[in-house]
Amino acid sequence: MERRVVEVRGAVQGVGFRPFVYRLASSLRLGGFVRNQFGRVHIEIEGETPQLERFVEAVAVRPPDLAHVEELSWSPQEPRGEREFRVDESLDDGCPDGAVPPDVATCAACRAELFDPRNRRYQYPFLNCSDCGPRLTIVTGAPYDRARTTMAGFDLCPACRLEYEDPRDRRFHAQPTACAGCGPRLELLDDLGRPDLAPSGSLLSFANILRQGGIGALKGLGGFHLVCDARHEEVVETLRRRKGREAKPFAVMVRNAQDAAGLCKISPKERALLESNRAPIVLLERRTDGQLRIADAVAPGSPFLGMILPYTPLHHLLLQELGGIPLVMTSGNRAEEPVATDARAVEQLRGVADAFLVHDRPIRVRCDDSVTRVVADEETLIRRSRGYAPQPLPLPIESPVPTLAVGGRRKSTFALSRGNRAYLSHPLGDLDQSSTYDAFRRDVEFFQSLLAIHPRRIVHDLHPDDASTQYALDRAAREGGEVLSVQHHHAHMAGCMAENGLTGPVIGVTFDGGGYGLDGTIWGGEFLIGDYRSFRRAAHLEEALMPGGEQAVREPWRMAVSYLSDAGGDLGWLQERIPALKIEVVRRMLLRKVNCPPTSSAGRLFDGVSSLLGVRDRVVYEGQAAIELETLARPQPPSGAYPVDLLRKNGAWVVRVGPVLAGIEKDLRMGIPKATIARRFHSTMAEMIRVTLVRLRDDSGLSDVVLSGGVFMNELLLRETLRTLGRERFSVFRHRRVPTNDGGLSLGQLAVAAGGGGRRSCV
Ligand code: ZN
Ligand code: ZN
Ligand code: FE
């Protein structure tokens, strides 16, 4: 006989770990106990040595699906003669790592029960178990148990209680467990939000409304979705009009991966993501020969479709009821407003939805669907939200004090650190909106209390006018503590380093729409050399003026005028579409440099070229002009690049833009197809990166490269850059688990602060 103490660390709480350990120990006839203890799982087992060996191996190698074992250690102990195995009360110190597990899609066992007429939870839209169901979105406090979720108001019925308390049951300590007798209920509301007593049942009536071409608002895990028949052109257009979302693609929910395969090409890796228990929206390439048809208005002009599978029992029931009808699934908010939750939703969505399918389980944390894709054979997150957030990420440098980082202004996230772990929030939207700002403030405070992290340091972007900067300064003025500012692109670079476990020094290629530079101009085509602590701007794209400032972001044709004017090009290319008078006004602005901030932004260069090629002159969502330029270039084979030329200026290399514009103009004059030009432009951007990096490697001896910034959302550019740099023997690192856009900024800010970088702000 032998006794061992086993300690397990990682994502091990709220994921069905203790029932798993109980079943395993019982099946191996081991005595002892398991309990949650200070954020770890503490196990004591006693029995024959071979059985103990098998136990430890199984815990390390085959933990439950949702669990992630980061560390497992064991030590021998004096045997006590225990024969039975039990689950003990938790010991908590108030800061368990697993305090806020992410939400989990309905598991296979629960799905089977949902459609089994003999099961007592047959067709119950809120069933779940210790392996699946809502988590983050219903948590009201820590540690995670039923009393501190929005299920607290639902008393367990005797049958549910038995399961909940039985360590052999798969619902043992499943905090949100419920049944039709004791749990949440569905309710149908009409277009004005009044209860609608549907004789055939709420779900069936709702399905009928959708079948007949109506638009429904569906209360989900982290907020409301607007849903409608995705095949129905007119309905989808009506939804766009009512929601005020002109062009940005909608996601589509289908019953299963087979249905998805009828619409899109799916690799095994993509299929695994689609079917994973995180249930993200997966960006897939459309099939041209698909059997199923989707309305053009779902994702106008895009070669991709965002596909998602049902991830709550309610989704499963609805999709089943609708047969093979694919549904548009878009967050239930009007453009630019935060996702609607509960009572306010009905108010906000009046006039958008024809009916509401709601329920009485409150949503505590609003959380969008995550968006992901496979790039160069690896999952690459676009939006890290439901199912992923707020799982901790490791920081390569331990943070000396608990720290809060508040991100930037768009795709705003915040991040909290304790020691070497970072908790990155779900994105909250655009902080310039007052309602988003309020949600941001509330969620920061809420997460602090859930995670029991009381920051003694706050990190913000260098931009003095960002709402997040204001928030950081206000808080520091009130509460004291240290405040640091971090330059936008330094944060991008550091975020990518942190994600890849690097400590530097590296060369950081950070290409994005723009961020506040150290010299007060807008940077965005940057080659930085440094580490967390410090950096220098080793190279950057040649600056161009942005006529009208922010207006040039919304109207890419202004950038086209700007680049063409600099390159001495012919403005006639634009005259077919833009009135001559308008062009003339902008040209004069440029000459006199009135309201024309300079920028080295790579995003603006994409915009300018997009407009010059007649692809997109005005945008209605961020990145639209570049995305459409990529779409045009994608199907083309590579066909060379425009000249790349570097200049030395004020101790840094400047990548010239003029020769690129001249090359494009020459091609236009020769009548080269625009798609070919678009393809050449993408190759040129990759070539600019290569040439500049070779030069910087010669200067510095560094060959570790990180790629970051929203421009690398461009898959064509990213793939080509990886290929090109691979040939030159650079070690290239990119984002995968954290978005490359500003959604990952707060993680980078944390890493900079942990590494001793950033500047102290004056409060
Ligand atoms: Zn389940
Ligand atoms: Zn019950
Ligand atoms: Fe950025």
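Counting begins at 1 with the first residue of the sequence. Atoms within each ligand, like the ligands themselves, are counted from 1 in listed order.
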- Query: Between the main-chain N or O of Q175 and the side-chain N or O of R146, is there a donor-acceptor pair closer than 3.5 Å?
  - Reply: yes

- Query: Hey, what's the angle at the Fe ion (ligand 3) spanning NE2 (H492) and OD1 (D742), nearest 10 degrees?
  - Reply: 90°

- Message: Among the N, O or S atoms of D512, which one sits nearest to the Fe ion (ligand 3)?
- Response: OD2

- Could you check whether the rings of H492 and H489 sit parallel, tilted or perpendicular, using 30° and 60° as the cut-offs? tilted

- May I ask you to check whether H489 brings an N, O or S atom to under 2.8 Å from the Fe ion (ligand 3)? no

- Message: Does R533 have more than 12 heavy atoms from other residues, nucleotides or ligands lying within 6.0 Å of its CZ?
- Response: no

- Could you check which N/O/S atom of H488 is closest to the Fe ion (ligand 3)? NE2

- Task: Carefully, step by step, assess T137 and D103 under the rule side chain to side chain donor-acceptor pair (under 3.5 Å).
- Result: CA-CA 7 Å; T137 51; D103 301 280; 2.7 Å; yes

- How many degrees, to 10°, between C157 SG and C179 SG as seen from the Zn ion (ligand 2)? 100°

- Message: Can you check the angle at the Zn ion (ligand 1) formed by SG of C132 and SG of C110? Round it to the nearest 10°.
- Response: 100°

- Message: Evaluate H682 against N714 for side chain to side chain donor-acceptor pair (under 3.5 Å), listing each step before the verdict.
- Response: CA-CA 9 Å; H682 279 78; N714 184 318; 3.0 Å; yes

